[in-house]
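Keep in mind the model is a prediction, meaning the values are calculated, not measured.
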Amino acid sequence: EVQLVESGGGLVQAGGSLRLSCAASGFTFDDYAIGWFRQAPGKEREGVSCISSSDGSTYYLDSVKGRFTISSDNAKNTVYLQMNSLKPEDTAVYYCAAGGTGGVIGIWTRLYEYDYWGQGTQVTVSS
């Protein structure tokens, strides 16, 4: 059974940090790219970051560049999203997703590129 389980969300003050984890099981981790998405109330789900398992390439939403860092521990089948200097506008449910072929993803921000999704973890940033 394929599973993606997010953890690490919570309530934090503006300027604070959180580290999200995405633990994967049930599929060959190295064959997929892992993306992080978020969805705020009343808004569409948007791509935040992605890491390609084929070559370690990373991608970021412009508004999080310099603040968020994605990384992967292939031995643990886990991808992390380190979020620093958090802002109230980062408040959302954060989801991880797995997609692509051979670790290569197409347009990483497109939801349909991803085959598997986690249930999400809530991140709330207070001002």
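Side-chain atoms of Glu113 come within 3.5 Å of backbone atoms of Ile107 as a donor-acceptor pair (strictly under, hydrogens ignored). In this structure a side-chain-to-backbone donor-acceptor pair under 3.5 Å is missing from Thr124 to Leu11. Side chain of Glu6 to main chain of Gln119: a donor-acceptor pair is present (N/O by atom type, distance under 3.5 Å, no hydrogens or angles). In terms of modelled atom types and a separation under 3.5 Å, the side chain of Thr91 and the main chain of Val125 share a donor-acceptor contact. Thr121 contributes no side-chain N or O that, together with a main-chain N or O of Tyr94, makes up a donor-acceptor pair within less than 3.5 Å.
Put simply, Val48 and Leu111 are part of two different groups of oily side chains (I, L, V, M, F, W, Y) that touch within less than 4.5 Å, one to the next. Under the 4.5 Å side-chain heavy-atom criterion for ILVMFWY residues, no single connected hydrophobic cluster contains both Val12 and Val93. By the rule that hydrophobic residues join a cluster once side-chain heavy atoms approach within less than 4.5 Å of another member, Leu18 and Val64 end up as members of one cluster. Trp117 and Phe27 are not part of a single hydrophobic cluster, where members link through side-chain heavy atoms under 4.5 Å apart. Tyr60 is connected to Ile51 through a chain of hydrophobic side-chain contacts under 4.5 Å among Ile, Leu, Val, Met, Phe, Trp and Tyr, so both are in one cluster.
At a cut-off of 3.5 Å, with distance as the only test, no side-chain donor of Thr78 or Asp73 sits close to an acceptor on the other residue. Side chains of Tyr80 and Arg19: no donor on one and acceptor on the other come within 3.5 Å. Side chains of Thr28 and Asp30: a donor-acceptor N/O pair is absent below 3.5 angstrom, by distance only.
Rounding to the nearest 0.5 Å gives a distance of 10.5 Å between CG of Asn77 and OG of Ser53. Atom CD of Glu89 and atom NZ of Lys43 lie 8.5 Å apart (nearest 0.5 Å). To the nearest 0.5 angstrom, Tyr116 atom OH is 11.5 Å from Ser25 atom OG. A distance of 6.5 Å separates OG1 of Thr69 from CG of Asn84, quoted to the nearest 0.5 Å.
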Open item on the list: Under the criterion side-chain contact (heavy atoms from CB on, under 4.5 Å), I'd like the reasoning laid out for Met83 against Arg67: C-alpha separation, chi angles, the key distance, then a yes or no.
Closed with: CA-CA 6 Å; Met83 307 187 296; Arg67 299 189 297 123; over 6 Å; no

TODO: Take Ile34 and Phe29 through the side-chain contact (heavy atoms from CB on, under 4.5 Å) test and state the conclusion after the steps.
DONE: CA-CA 9 Å; Ile34 304 295; Phe29 190 73; 4.1 Å; yes

- [ ] Apply side-chain contact (heavy atoms from CB on, under 4.5 Å) to the pair Val79 and Ile70, showing each step before the final yes or no.
- [x] CA-CA 7 Å; Val79 171; Ile70 192 169; 3.8 Å; yes

Open item on the list: Checking Gln82 against Ser17 for the side-chain contact (heavy atoms from CB on, under 4.5 Å) test, could you report, in this order, the C-alpha distance in whole Å, the side-chain angles of both residues, the deciding distance, and whether it holds?
Closed with: CA-CA 7 Å; Gln82 178 66 44; Ser17 299; 4.0 Å; yes

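Separation of the Tyr114 and Tyr32 ring centroids does not fall under the 6.0 Å cut-off. Note: Phe68 and Trp36 fail the aromatic proximity criterion, with ring centroids not under 6.0 Å apart.
Scanning all heavy atoms of the two residues, the minimum distance from Leu4 to Ala24 falls at CD2-CB, 3.5 Å. Considering every non-hydrogen atom in both Ala33 and Ser52, the closest pair reads CB-CA, 4.1 Å. When all heavy atoms of Ser72 and Asn74 are compared, the closest pair comes out as OG-OD1, 2.6 Å.
A salt bridge is defined here as a Lys NZ or Arg NE, NH1 or NH2 lying under 4.0 Å from an Asp or Glu carboxylate O, and Asp90 with Lys87 fails to meet this definition.
The cationic group of Arg45 lies under 6.0 Å from the six-membered ring centre of Tyr95 and within 45° of the ring axis, placing it in a cation-pi geometry.
Counting heavy atoms from C-beta outward, Cys50 and Ile105 have side chains that approach closer than 4.5 Å. Contact of the Ser49 side chain with the Leu81 side chain is registered, since non-hydrogen atoms from C-beta on lie closer than 4.5 Å. Gln39 is not listed as a side-chain neighbour of Glu46, based on a closest heavy-atom distance of 4.5 Å or more.
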